[in-house]
Number of protein chains: 2
Amino acid sequence: MAGDLKVLADPVRLRLLSLIAASEASEACACDLVPSLGRSQPTVSHHLSVLTAAGFVTREQRGRWAWYRVVPERMAALGHAVAAFSDARG
Amino acid sequence: MAGDLKVLADPVRLRLLSLIAASEASEACACDLVPSLGRSQPTVSHHLSVLTAAGFVTREQRGRWAWYRVVPERMAALGHAVAAFSDARG
DNA sequence: CGTTCACATCGACTTCAGTCGATGTGAAGA
DNA sequence: TCTTCACATCGACTGAAGTCGATGTGAACG
């Protein structure tokens, strides 16, 4: 769980998730994500790779473009795990 | 929000929160926490300080002992914020 | 008031993660 | 097939963060 939180504990990755989730059809092309962030293409690619490896997003190649989607169950599960600390016997 | 997640993205701090939440009356003395973790006293003190500064726990001095409590609203709010990424327009 | 105990702070080391320029890869188009 | 485009990977640098021994602090106890 610490590893999962560590993946999300980065402003660039949070912005990526936010941008992807807010995109049409809840998917986004890397070509649109790079200019939206103030970071270089390798940096964005790296963060997308980290999110994908952790299972928070899925990657689908279509021709030359790579499309990314958020995995909602993954986000919900982690969110509930965090919220569970508010109960005693957490 | 990235800062909040970064605070939780550490196995020692997660164990601290878990131990405190699972203690009687949902509070724990540092003297009990140090031996439960495999870390030195300064390290545990440092992590408790980080959790306190971020508002995830509160510290109360009673005599020579320091007692810690989880702030449930804080955990619940962050958990919901994470889970919100599972919705479109996150 | 000196001692002891619980805990915080300091200083230094080390590991890790974000960042970017340069380069590799693989698909599309001429 | 040669070029171009989109993206991944590599190598190197840098700043941040975890860790611990040593030391400071402040309350209890005699």
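If you're wondering where the values come from, they're calculated on a predicted model, not measured in any experiment. In what follows, chains carry the letters A, B, and so on, assigned in the order in which the sequence lines appear, proteins first and then strands, with residues in each chain numbered from 1.
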message = If the condition is side-chain hydrogen bond (donor to acceptor under 3.5 Å, both in side chains), which residues does B:Ser40 pass it with, not counting sequence neighbours?
response = B:Thr43

inquiry  = For B:Arg59, give me all partners under side-chain hydrogen bond (donor to acceptor under 3.5 Å, both in side chains), at least two apart in sequence or on another chain.
reply    = B:Gln61

ask   = Using a cut-off of 4.0 Å on non-hydrogen atoms, how would the nucleic acid contact of A:Arg13 be classed: base, sugar-phosphate, or nothing?
value = sugar-phosphate

key: Pairs touching residues 48-78 of chain A that satisfy disulfide (SG to SG under 2.5 Å), sequence neighbours left out   = none

request  = Could you tell me the separation between the CD1 atom of A:Ile20 and the CG atom of A:Asp32, rounded to the nearest 0.5 Å?
outcome  = 11.0 Å

Positions of residues 3-11 of chain B (non-hydrogen atom under 4.0 Å from DNA chain C), listed by number = none

request  = Please collect all salt bridge (Lys or Arg N to Asp or Glu O under 4.0 Å) contacts where either partner lies in residues 8-20 of chain A, sequence neighbours excluded, each pair once.
outcome  = none

remark   = Counting primed atoms, P, OP1 and OP2 as sugar-phosphate and everything else as base, the B/S/- map of nucleotides 1-12 of chain C against protein heavy atoms under 4.0 Å is ---BBSBBB---

message = Using five pairs at each end of the helix from C:dC1-D:dG30 to C:dA30-D:dT1 to define an axis, what is the angle between those two axes, to 10°?
response = 20°

key: ILVMFWY clustering at 4.5 Å (side-chain atoms), partners of A:Trp65   = A:Trp67

Please list, one pair per line, the donor and acceptor atoms closer than 3.5 Å that link side chains of residues 69-80 of chain A to other protein atoms, with sequence neighbours excluded.
residue, atom, partner, partner atom, Å
A:Arg69, NE, A:Glu27, OE1, 3.4
A:Arg69, NH1, A:Ala25, O, 3.3
A:Arg69, NH2, A:Glu27, OE1, 3.3
A:Arg74, NE, A:Ala54, O, 3.1
A:Arg74, NH1, A:Asp4, OD2, 3.4
A:Arg74, NH2, A:Asp4, OD1, 3.2
A:Arg74, NH2, A:Ala54, O, 2.8
A:His80, ND1, A:Ala76, O, 3.3

key: Those residues that, when tested against A:Ala9, pass side-chain contact (heavy atoms from CB on, under 4.5 Å) (two or more places apart)   = B:Leu5, B:Lys6, B:Ala9

ask   = Looking at A:Ser26 and A:Ala21, what are the two nearest heavy atoms and their distance?
value = OG-O, 3.9 Å

inquiry  = Check this one for me: any side-chain N or O of B:His47 less than 4.0 Å away from OP1 or OP2 of D:dT19?
reply    = yes

